[in-house]
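Here the structure comes first, spelled out in structure tokens, and everything after it is commentary.
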Amino acid sequence: MTSSKTIVLRSSDGATFEVDEAVALHSLMIKHRIETGGADSTTIDVPEVTGNTLSKVIEYCKKHVEAPNSDDLKSFDTDFVKVDQAVLCHLAKASYYMNIKGLLDLSSKTIADMFKGKTVEQIRETFHIKNDFTPEEEEELRKENSWNLFV
Amino acid sequence: MLCSLKKSTDTNDGQTIVEDPPLLPGLPNHLAQPILSTIRPSLLSAVCRRWRHLIYTPHFPPFLSLYALVANNSSSNSNSNSSNNNNGRSCLSDSISFHTFDPISSKWTILPPPVTDPPLHLLHRHPSFISRNFTIQSLTVAGCLVLIAATGHNLLPALSHPLVFDPLTGQWCLGPPLTNPRRWCAAGSYRDTVYVASGVGAHYRGEVARMVEKWDVKRSKYCDKLSDLRDEWRWEEVAGLKDGRFSREAVEAVGYKGKICMVNVKGNNIGKEGVVYDVERNQWEKMSPGMVSGWNGAVGVAEEEEVMYVVDEDKGGVSKYDDVMDCWQEVVQGSELLKGPEHMAVGGGKICVVAGGGGRITVVDVVAQPVRMWVVDPPSPGSEVVSLHILRRPCNRL
């Protein structure tokens, strides 16, 4: 039953990765390409994703396809996203492009969690956001009730 | 970036977007928006202008705001300003307005009034009736504000149809015609259905005093357009009351755990009686004694959490109802700020109370430890807040 068919994925920078077809199909975008591409589509280009990111994405798919019910899946996911912010953003973009919902949700949630417990200033630092309020606007902001009515 | 280019035509807020600075550096905006949507808007609004703007766009779930129905009462008022329909009769004050309080900017904005034909004249005070106000009853249902009963200039029922304000469109529309328009009634809502019971129309009629009707607004998602649902709107009669003892004055009914609950007189009155309507079984039952005895002021229910609160009229304390023990437990000690509660709205983890004869809005955060309380000033000094509602912010008119 297990076909040992493999697919080659090629990143934007020309790196190639041979993966089991079952693992590749975890990406709905790849699945669609295979289904519509004809019998000889064994190499699929993924020009939106660089080699480094693609390698990580494949690692994620492998784990989730080969051991979806394993007890350590949660801890795998937690450790998987312990990466720096830039990598996290690349993972989010890649998972969107490659249509891998689980990874998109995981990376999005990880980014959202980075807001927790932070002050406004800390948020600006973390996400490299420029404070573009004028001093007058800042003064108004300070006056606005910090008691958060419903929000 | 390719992704953000694809999305640049996708916005539906009427602006042509060129998405230059990204909301979150490193991510296209269509990925950043769902992430930011999970963050508290009050936090986002303080970080930068773009984020502050975002929370008011359709890309961000509309946050809750406070809505107030306000009577502008000073008789000197009616000569000078607003009432262009007043004929210079300075003794009547019929200037009712609707306002919304933006919790981010802490500012009140006036809402467009309902436009009806004939124009709406709601009586609140009248010189011949010095000791009492005419009630104007409103309620919240399916994420909308509904005006359900009031008295008009000619001392007849003012509303032939409920008037419905939908924050999603920022506009008013008419509900289904009332079979018996009331000057006051018992009114409340539960799970997207309005219940109207008893009360008095132009004159007292026994059959109206016993009648109970419901209107299922049928809105399964807050984004459903009311205009699509209106053809199905109608009042249906349900099991009636056994007598007219609930017709004496305006009664606020609340929906709580599958039942519509109401008490027939306001406040701390020994003789008061309560009944509950079991929605599923379509029958009325006596209210349990513990619930009645503690129903001593304004009552409201936190819908999602299914918790009933009362603000005690005399002491200004807040209690919540324990339905297992049939008793009320104090959650906030008596406070001056809450005495004389006229009306309350519960939502977003807060209890908002109209107190001090309508001149004060006090907000209580019952969840916080220790309990926090603060005052929101009414829209303008000298105005009287008649009722409060908690709904999503009004969406920007295009």
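All heavy atoms count here, side chains included; hydrogens, waters and symmetry mates do not. Here is the naming used below: chain letters follow the sequence lines, and residue numbers restart at 1 for every chain.
Proximity to chain B is absent for every atom of Ala86(A), based on heavy atoms less than 4.5 angstrom apart. Of the two parts of Leu88(A), neither the backbone nor the side chain holds a non-hydrogen atom closer than 4.5 Å to a non-hydrogen atom of chain B. In this structure, chain A has a heavy atom under 4.5 Å from the side chain of Leu36(B), while its backbone stays farther away. For Glu137(A), the part lying under 4.5 angstrom from a heavy atom of chain B is the side chain only. For Ser105(B), the parts lying near chain A are the backbone and the side chain together; criterion is any non-hydrogen pair under 4.5 Å. Residue contact with chain B, scored on non-hydrogen atoms closer than 4.5 Å, involves the backbone of Lys130(A) exclusively. Contacts between Glu140(A) and chain B at a heavy-atom distance below 4.5 Å involve the side chain alone, from C-beta outward.
Atom NZ in Lys109(A) sits 11.5 Å away from atom CD1 in Ile35(B) (nearest 0.5 Å).
A donor-acceptor pair under 3.5 Å links the side-chain atoms of Asp132(A) to the main chain of Arg49(B), judged by distance alone. Lys93(A) contributes a side-chain N or O that, together with a main-chain N or O of Gly26(B), makes up a donor-acceptor pair within less than 3.5 Å.
More than 12 heavy atoms of other shown residues, nucleotides or ligands fall within 6.0 angstrom of atom CD in Glu305(B). For Asp84(A), the CG atom counts as densely surrounded, since its 6.0 Å shell holds more than 12 non-hydrogen atoms of other residues, nucleotides or ligands. Counting non-hydrogen atoms of neighbouring residues, nucleotides and ligands closer than 6.0 angstrom, the CD atom of Glu336(B) reaches no more than 12 such neighbours. Atom CD of Gln85(A) has more than 12 neighbouring heavy atoms from other residues, nucleotides or ligands inside a 6.0 Å radius. Atom CD of Gln333(B) has 12 or fewer neighbouring heavy atoms from other residues, nucleotides or ligands inside a 6.0 Å radius.
Taking 4.5 Å as the heavy-atom cut-off, none of the residues of residues 53-66 of chain A approach chain B.
Contact of the Leu24(B) side chain with the His128(A) side chain is not registered, since no non-hydrogen atoms from C-beta on lie closer than 4.5 Å. Side chains of Phe115(A) and Arg40(B) form no contact here, defined as non-hydrogen atoms less than 4.5 Å apart.
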Steps toward side-chain contact (heavy atoms from CB on, under 4.5 Å) verdict (Glu121(A), Val47(B)): CA-CA 8 Å; Glu121(A) 204 36 67; Val47(B) 173; over 6 Å; no
Chi angles and distances behind the side-chain contact (heavy atoms from CB on, under 4.5 Å) call for Trp51(B), Ile123(A): CA-CA 12 Å; Trp51(B) 288 11; Ile123(A) 288 172; 3.8 Å; yes
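When the candidates Thr119(A), Asn131(A), Val120(A) are compared by the number of heavy-atom contacts under 4.5 Å with chain B, Val120(A) comes out ahead. By number of non-hydrogen pairs under 4.5 angstrom with chain A, the leading residue of Ala368(B), Pro25(B), Ala46(B), Ser45(B) is Ala46(B).
Under the side-chain contact (heavy atoms from CB on, under 4.5 Å) test applied with Ile111(A), the options Leu31(B), Thr38(B), Leu27(B) reduce to a single match, Leu27(B).
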